[in-house]
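Remarks on the structure that follows.
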Amino acid sequence: VCKKINGAWINFKTDCKKKLLGSDRVSAGFDGHRHDLLGNFKLNSLDYKVIASTISDVARKLGISIISLLEGGYDQPSLNQSVLEYLKGL
């Protein structure tokens, strides 16, 4: 399944499965938000919900639990909203 994030189609299910097979930890890099000057990934807050939902779906299908670690996020208003959306996606 491909999802569109910020104008780009990404095959999250395949990429997530490859990454999650070797780990139970996910680094949630919130500096990828478009208002965060460090990440330069141009994501919006709702993109974090899509990402978390995809990770959660893949982990559930693999029968594994995951731990999400907060990392980055230096624009406070964007960070607040992005974390909220990420948690909704889990």
With the 4.5 Å side-chain cut-off for hydrophobic clustering, are Leu84 and Ile51 part of the same group? no
Please tell me whether Leu87 and Leu46 are part of a single hydrophobic cluster in this structure, the criterion being side-chain heavy atoms less than 4.5 Å apart. no
Please identify each residue that fulfils salt bridge (Lys or Arg N to Asp or Glu O under 4.0 Å) with Arg34, with sequence neighbours left out. none
Find the distance between CG (Leu90) and OG (Ser68) and round it off to the nearest 0.5 Å. 5.0 Å
Does Asn80 reach the main-chain N or O of Pro77 with its side chain, forming a donor-acceptor pair under 3.5 Å? no
Checking the side chain of Thr54 only, and the main-chain atoms of Val50 only, is there a donor and an acceptor separated by less than 3.5 Å? yes
Evaluate whether atom CG of Leu37 has more than 12 neighbouring non-hydrogen atoms of other residues, nucleotides or ligands under 6.0 angstrom away. no
Taking the side chain as C-beta and beyond, is there a heavy-atom pair between Leu79 and Asp75 under 4.5 Å? no
Decide yes or no for Asp36 and Leu43: does some side-chain heavy atom of the first lie under 4.5 Å from some side-chain heavy atom of the second? no
Closest approach of Ala52 to Tyr86 (non-hydrogen atoms, all atoms of both residues): CB-O, 3.2 Å
Closest heavy-atom pair and its distance - Asn44, Asp47: N-OD2, 2.8 Å
Taking side chain to side chain contact (heavy atoms under 4.5 Å, CB included) as the definition, give me every residue that meets it alongside Ser45, ordered by chain and number, with sequence neighbours left out. His33, Gln81, Ser82, Glu85
Other members of the hydrophobic cluster containing Leu38, with the 4.5 Å side-chain heavy-atom rule, please. Tyr74
